[in-house]
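In listed order, ligands and their atoms are each counted from 1. For this chain, numbers begin at 1 and follow the sequence in order.
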Amino acid sequence: MDNVQTVAHDVRSPGRTWWKEGIVYQIYPRSFMDSNGDGVGDLAGIASKADYLASLGVDIVWLNPVYRSPNKDNGYDISDYEEVMEEFGTMADLDRLVAALHGRGIRVLMDLVVNHSSDAHPWFVESRSSKDSPKRDWYIWKPGKESGAPNNWKACFTGSAWELDPATGEHYLHLFDPGQPDLNWENPELRRAVYAMMRRWFERGIDGFRMDVVTLFSKDPSYRDLRPGEGMFSPSAPYICGPRLHEFLREMRKEALDGFDAMMVGEAPGATVESALELVGEDRGELDMLFQFELMGIDHVEGDKWRQKPIDLVEMKRVVERWQLGLAGRAWNSNYLMNHDQPRSVSRFGDDGRFRTESAKALLLFNLSLAGTPYIYQGEELGMANAPFASIADCRDVDTLNYHKEALAAGLGEAEAMRSIRYMSRDNARTPMQWSGEANAGFSTGRPWIGVNPDHRRINAEAEEADPDSVLHFTRSMTRFRRERKVLVYGSFELLARADPRLFAFLREGEGERLLVEINFSGEPTAAAALPGDWTILISNLGPSGGPRPAVLAPWGARISAPA
Ligand code: GLC
Ligand code: CA
């Protein structure tokens, strides 16, 4: 299978590439489309929606992990990097899907999880078998202390990050579930095996990788304790951007990507603008872009996702501006308002009640107007909302289930735990894609692995196709708008109205154009940006475009204007 031809439109300098100009659509295969009625989404299901994907005007599809996996963490625990999960299909199905997307001019990113593997991976099975195993050093083994674990590191999904293995009496590191042992990147053989595997994927026709928790690859060899006040993903934690991370990433680019027109976007917990410049700086030869978490932490209390506070728009503007300006001209941003680990964007940043349609469109306009590559998550183009999980029995996510158990053990009430879960659980993003108002939202003819959101009777692709004012049609207008205006890709960013608690406004300038972006992040009418001159609305989520810019933005009104 061939890589897609170089994009036809205007690539004028080496700094201009397909992954900067493209719009990415993220697919969570388990929940996208089930082709065989077993209740689990699959590759053939995705392929059956290739025309739909093309109709959205997206250029790149990112698939969450589709490799063989025991699914303790839905594919983020890989037991074979070169086979497809049985439930999702076969390698031939994957080749067919990639060909179907390439045939429509859409590139394909896979999700590579190499901070850890599954404990069922043959490498780990061998590693744990004895202290002298040739693969022993491919994972991180330490003797315990008298008090127990080798240090006080916590696992992301609860408990200690160390698991005592009775076979040898040593502990192995798992920064996530015990079924996800951390690979030892210090070992050159392991690194070579990873790079060779990546090359085989590129040879197969993949266009790039989303690198799972890439900031965690290099651990501080001191294995010091986390200090009081240091959270799991604090930038100073001893496994965030560790001493050899840059060396590993440069080596990876050279050994795995050389000769391919491929890209890498890193998921980067703990990254700051400063460390991002070192990871994705144009001259660094490391990653092409990364997902930062500062915006996703905006409603967390002390970095704890299960303790939430309202979003402060002024703070949100500060974070966005810091990243937009901090990387400008030196590195490249990735912009996202949700993914498979986050709640639904319309429920979190918008209003999934009265102004669901307006606010979902406003958020799309916002995300597609920033500098950097925009990422849209499946269902975001429909304005899909959080799920009304009634009890923990409705949930599937390991992180959510562990939190619920722990919170109740610590004395939190059931109602309060469920409130937090309904707001923040990753399962909100993982309920099936809503294709129609029929049974199981048209996702499957069988019983879906996680319940469909009952709002699918109202909110679904079929209904939105038929409604010219739908979020779906607006998404298409917005992707077209961005494609036609390179100022949105390469232009400068200037924040306006910094202290305004409702209006998020900014200017984008370059490529001979000047655009004013205004979004009312509230359910009240609010004053427009105070700017001299006459402006014409080019695109708006409410009323028509083409006219002058009214002085007031309606609730959740969003628009882009140009000098008249
Ligand atoms: C990343 C993934 C998440 C997964 C974790 C462990 O954060 O996005 O879904 O649970 O890594 O691999
Ligand atoms: Ca299936």
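- In the vicinity of F157, heavy-atom distances shorter than 4.0 Å reach the ligand 1 atoms 10 (O).
- Set against the non-hydrogen atoms of H116, the atoms of ligand 1 under 4.0 Å away are 6 (C), 12 (O).
- With 3.0 Å as the limit, N36 counts as an N, O or S neighbour of the Ca ion (ligand 2).
- Q308 and S420 form a side-chain donor-acceptor contact under 3.5 Å, judged by distance and modelled atom types alone.
- Rounding to 10 degrees, one finds that the Ca ion (ligand 2) sits at the corner of an angle of 170° between D42 OD2 and D38 OD1.
- Between Y76 and F176, a ring centre-to-centre spacing not shorter than 6.0 Å is recorded.
- Neither the backbone nor the side chain of F233 has any atom closer than 4.0 Å to an atom of ligand 1 (non-hydrogen atoms only).
- Between W123 and Y139, the ring center distance fails the sub-6.0 Å criterion.
- Salt-bridge formation is not detected for the pair D220/R244: no Lys NZ or Arg NE/NH1/NH2 atom is positioned less than 4.0 Å from an Asp or Glu carboxylate oxygen.
- With respect to atom 4 (C) of ligand 1, the closest heavy atom belonging to the protein is D73 OD2, 3.3 Å.
- For atom 1 (C) of ligand 1, the closest heavy atom belonging to the protein is D212 OD1, 2.7 Å.
- Taking backbone and side chain together, E87 holds no N, O or S atom under 3.0 Å from the Ca ion (ligand 2).
- Of the charged side-chain nitrogens involved, at least one lies within less than 4.0 Å of a carboxylate oxygen, so that D212 and R210 count as a salt-bridged pair.
- Taking the six-membered ring where tryptophan is involved, the planes of W62 and Y375 are perpendicular, since the angle between them exceeds 60° and thus also 30°.
- Per-residue contacts place R426 under 4.0 angstrom from the following atoms of ligand 1 (heavy atoms of the residue considered): 3 (C), 4 (C), 9 (O), 10 (O).
- The protein heavy atom nearest to atom 7 (O) of ligand 1 is E267 OE2, 2.7 Å.
- Distances shorter than 4.0 angstrom occur between a heavy atom of R210 and an atom of ligand 1.
- When distances to the Ca ion (ligand 2) are checked against a cut-off of 3.0 Å, G45 contributes no N, O or S atom below that limit.
- Around the Ca ion (ligand 2), the two atoms OD1 of D34 and O of V40 are separated by an angle of 80°, to 10 degrees.
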After noting the C-alpha distance and the side-chain angles of E294 and R322, does the key distance pass the salt bridge (Lys or Arg N to Asp or Glu O under 4.0 Å) rule? CA-CA 10 Å; E294 288 187 3; R322 186 159 65 237; 2.7 Å; yes
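- Stacking of R136 on the aromatic ring of W141 is recorded, both the 6.0 Å distance cut-off and the 45° axial limit being met.
- Aromatic rings of Y81 and W201 (six-membered ring for Trp) have centroids beyond the 6.0 Å cut-off, not under it.
- In terms of protein heavy atoms, atom 9 (O) of ligand 1 is closest to D341 OD1, 2.7 Å.
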